[in-house]
Amino acid sequence: MKTVLITGASKGIGQQIAKQFAQKGYNVAINYNKSENQAKSLYNEITSLNTNAILVKADIKNLNEVQNMINEIISCFGHIDVLVNNAGISYKGLFIDENDKITKEIIDTNLLGAIYTSKYVLPYMLKNGTGKIINISSIWGNVGASLESTYSASKAGIIGLTKSLAKEYGYNNICVNCICPGLIDTDMNKNLSKTEIEEIIKQIPAKRIGKTEDISNLVLFLAECTGDYITGQVITVDGGFTL
Ligand code: NAP
């Protein structure tokens, strides 16, 4: 039985990814930080499918918590076959007005968090002789977003991390890929008004915003053997928004 660790699985895209891995019979490690109730109900839902799961609370920007989380998963399941670096936060505002604490929090969560988890999961993948890392970046990491400069920088960093790790560990049968979602219907966008969403939809050839399944389907594909010859890739899933 393969094991997957999904960071930020308590909500949104991460939650949907966890459900789909559970349906495929994976052991699912559900990481969360603040949303304990949502993470617990996901755990209950997944275990009711007779799938093994573990609930692991860890703030991914805290190295000790990341190490403890990985140790706990290894003690429980013995291996981690797939790592999905999904946890992330966003912030909108003028770059020059951005509070320094927020700037650091965005970089630490979105980039450093993925670096920590990858760094401490990779030795177990190397020991296993196989592994898949799937990073969730953003279209803004590719093309940049006005009013989201630090967020865009953190997501561009994820793209660099993906390509470098793919080159460094490709020889060890470890594939590292990256997904750049467009606008997806989750809490991350709950501050957008109906009118703002309608305006954005006018710019999307697919004529709708994305669903969490649009991302989780691709994550599953990249995690399975069908994705074995794909590595170091940055795949945009945005309904054509950034074409
Ligand atoms: P969401 O609904 O706000 O969920 C974010 C998740 O990240 C939550 O489960 C949250 O866990 C977790 N998280 C945040 N900080 C954390 C930390 N320090 N340690 C551990 N977990 C942490 O957002 P989403 O839309 O699903 O976003 C998922 C990923 O997709 C993010 O990386 C985001 O940047 C990316 N993305 C989203 C969109 C979009 O339009 N939604 C577009 C492009 C990219 P807790 O609540 O438990 O703290």
Side-chain angles (χ1 to χ4, degrees), residues 5-20 28-43 55-70 83-92 101-102 104-117 134-145 148 150-159 161-162 178-192 196-197 200-201 203-204 206 208-216 218-219 234-239 241-242:
L5 162 60
I6 303 135
T7 66
S10 49
K11 286 162 51 180
I13 296 171
Q15 186 186 85
Q16 182 59 31
I17 294 170
K19 287 181 187 174
Q20 283 192 225
V28 183
I30 303 165
N31 160 252
Y32 72 99
N33 186 34
K34 292 180 183 156
S35 307
E36 188 170 5
N37 289 341
Q38 275 138 305
K40 277 186 176 160
S41 65
L42 176 67
Y43 173 85
L55 207 48
V56 271
K57 177 174 167 20
D59 177 346
I60 55 155
K61 55 188 188 307
N62 180 314
L63 182 56
N64 280 340
E65 293 187 27
V66 168
Q67 285 173 315
N68 290 339
M69 165 174 73
I70 292 163
L83 165 65
V84 185
N85 282 313
N86 164 77
I89 54 168
S90 66
Y91 173 81
K92 276 194 186 66
K101 200 169 160 254
I102 290 173
K104 189 169 171 351
E105 202 171 336
I106 297 168
I107 297 293
D108 287 358
T109 307
N110 296 359
L111 182 56
L112 201 56
I115 290 175
Y116 285 162
T117 48
I134 299 142
N135 295 321
I136 307 298
S137 175
S138 162
I139 49 170
W140 306 132
N142 243 338
V143 301
E148 287 186 86
T150 304
Y151 178 79
S152 302
S154 72
K155 293 298 183 178
I158 288 285
I159 294 174
L161 178 71
T162 302
C178 174
I179 299 175
C180 292
L183 188 73
I184 309 295
D185 187 13
T186 69
D187 281 1
M188 193 168 266
N189 297 309
K190 70 179 174 204
N191 294 330
L192 290 173
E196 282 170 320
I197 291 184
I200 295 170
I201 290 175
Q203 301 167 54
I204 303 176
R208 64 170 176 87
I209 66 166
K211 298 179 288 215
T212 53
E213 292 88 335
D214 293 318
I215 308 305
S216 57
L218 179 57
V219 173
V234 180
I235 306 170
T236 297
V237 183
D238 69 349
F241 188 20
T242 51

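Not measured: the values here are computed from a predicted model. As the structure lists them, so they are numbered: ligands from 1, and atoms in each ligand from 1. For the numbers below, each heavy atom of this structure counts, side chains included, while hydrogens, waters and symmetry mates do not.
Nearest residue to atom 31 (C) of ligand 1 from Thr7, Asn86, Asn85, Asn33 is Asn86 (criterion: closest heavy atom). Residue Thr109 holds the heavy atom nearest to atom 15 (N) of ligand 1 of all those in Ile13, Thr109, Val56. Residue nearest to atom 9 (O) of ligand 1, selected from Ser35, Ser10, Gly12: Ser10 (by heavy-atom distance). Taking each of Gly141, Gly8, Gly88, Ser90 in turn, the one with a heavy atom nearest to atom 14 (C) of ligand 1 proves to be Gly88. The heavy atom nearest to atom 27 (O) of ligand 1, out of those in Gln16, Glu65, Met188, Lys57, is found in Met188.
Under 4.0 Å from ligand 1, the heavy atoms of Asn189 that appear belong solely to its side chain. Residue contacts with ligand 1 for Ile60 involve both N, CA, C or O and side-chain atoms from C-beta outward (heavy atoms, distance under 4.0 Å). With a 4.0 Å cut-off on non-hydrogen atoms, Ala58 touches ligand 1 through its backbone and not its side chain.
Counting only heavy atoms of the protein, atom 36 (N) of ligand 1 lies nearest to Tyr151 OH, 3.7 Å. The closest protein non-hydrogen atom to atom 4 (O) of ligand 1 is Lys11 CB, 3.9 Å. With respect to atom 22 (C) of ligand 1, the closest heavy atom belonging to the protein is Ala87 CB, 3.6 Å. Of the protein's non-hydrogen atoms, Pro181 O, 3.4 Å is the one closest to atom 43 (C) of ligand 1. Looking only at heavy atoms of the protein, atom 48 (O) of ligand 1 is closest to Lys34 N, 2.8 Å. For atom 41 (N) of ligand 1, the nearest non-hydrogen atom of the protein is Thr186 OG1, 3.1 Å.
Listed by atom number, the atoms of ligand 1 under 4.0 Å from Leu183 heavy atoms are 40 (O). Within the listing of ligand 1, atoms 17 (C), 18 (N), 19 (N) sit less than 4.0 angstrom from a heavy atom of Asp59. Of all atoms in ligand 1, listed by their number and element, those nearer than 4.0 Å to a heavy atom of Tyr32 are 47 (O). When each atom of ligand 1 is checked for a heavy atom of Asn31 under 4.0 Å away, the hits are 20 (C), 21 (N).
Judged by distance alone, with hydrogens and angles left aside, the side-chain atoms of Ser138 form no donor-acceptor pair with the main-chain N or O of Cys180 at under 3.5 Å. When atom types are taken as modelled, the side chain of Ser137 and the backbone of Ile159 share no donor-acceptor pair closer than 3.5 angstrom.
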Please set out all donor-acceptor pairs under 3.5 angstrom arising from side-chain atoms of residues 55-65, sequence neighbours excluded.
residue: Lys57; atom: NZ; partner: Asn33; partner atom: O; Å: 3.0
residue: Lys57; atom: NZ; partner: Asn33; partner atom: OD1; Å: 3.4
residue: Asp59; atom: OD1; partner: Lys61; partner atom: N; Å: 3.0
residue: Asp59; atom: OD1; partner: Lys61; partner atom: NZ; Å: 3.3
residue: Asp59; atom: OD2; partner: Lys61; partner atom: NZ; Å: 2.9
residue: Asn62; atom: OD1; partner: Asn64; partner atom: N; Å: 3.0
residue: Asn62; atom: OD1; partner: Glu65; partner atom: N; Å: 3.1
residue: Asn62; atom: ND2; partner: Glu65; partner atom: OE2; Å: 3.4
residue: Glu65; atom: OE1; partner: Asp59; partner atom: N; Å: 2.7

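Some N or O of Ile184 is nearer than 3.5 Å to an N or O of ligand 1, by distance alone.
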*Before giving the answer on side-chain contact (heavy atoms from CB on, under 4.5 Å), spell out for Asn191 and Lys92 the whole-Å C-alpha distance, their side-chain angles and the decisive distance to 0.1 Å.*
CA-CA 10 Å; Asn191 294 330; Lys92 276 194 186 66; over 6 Å; no
*Output, in order, the C-alpha distance, side-chain angles, deciding distance and verdict of side-chain contact (heavy atoms from CB on, under 4.5 Å) for Tyr151 and Asn110.*
CA-CA 8 Å; Tyr151 178 79; Asn110 296 359; 3.5 Å; yes
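The two residues Thr186 and Gly12 come nearest to each other via the heavy atoms CG2-CA, 3.9 Å.
Between Lys11 and Met188, the closest side-chain pair of non-hydrogen atoms is not below 4.5 Å. The shortest side-chain heavy-atom distance between Ile215 and Asn86 does not fall under the 4.5 Å cut-off. Side-chain contact check for Leu83 versus Thr117: some heavy-atom pair is nearer than 4.5 Å.
Remark: distances from the non-hydrogen atoms of Gly182 to ligand 1 include one below 4.0 Å. Within the 4.0 Å heavy-atom cutoff, Ser137 counts among the residues contacting ligand 1. Proximity of Gln38 to ligand 1 is not established, as no heavy-atom distance is less than 4.0 Å.
Distance CG/Asn37 to OG/Ser10: 10.5 Å, rounded to 0.5 Å. Ile209 contributes atom CD1, which lies 7.5 Å from atom CD1 of Ile184 (distance to the nearest 0.5 angstrom). Ile139 CD1 to Thr242 OG1: the interatomic distance, rounded to the nearest 0.5 Å, is 5.5 Å.
Under the salt bridge (Lys or Arg N to Asp or Glu O under 4.0 Å) criterion, Glu105 pairs with no residue at all, not counting sequence neighbours.
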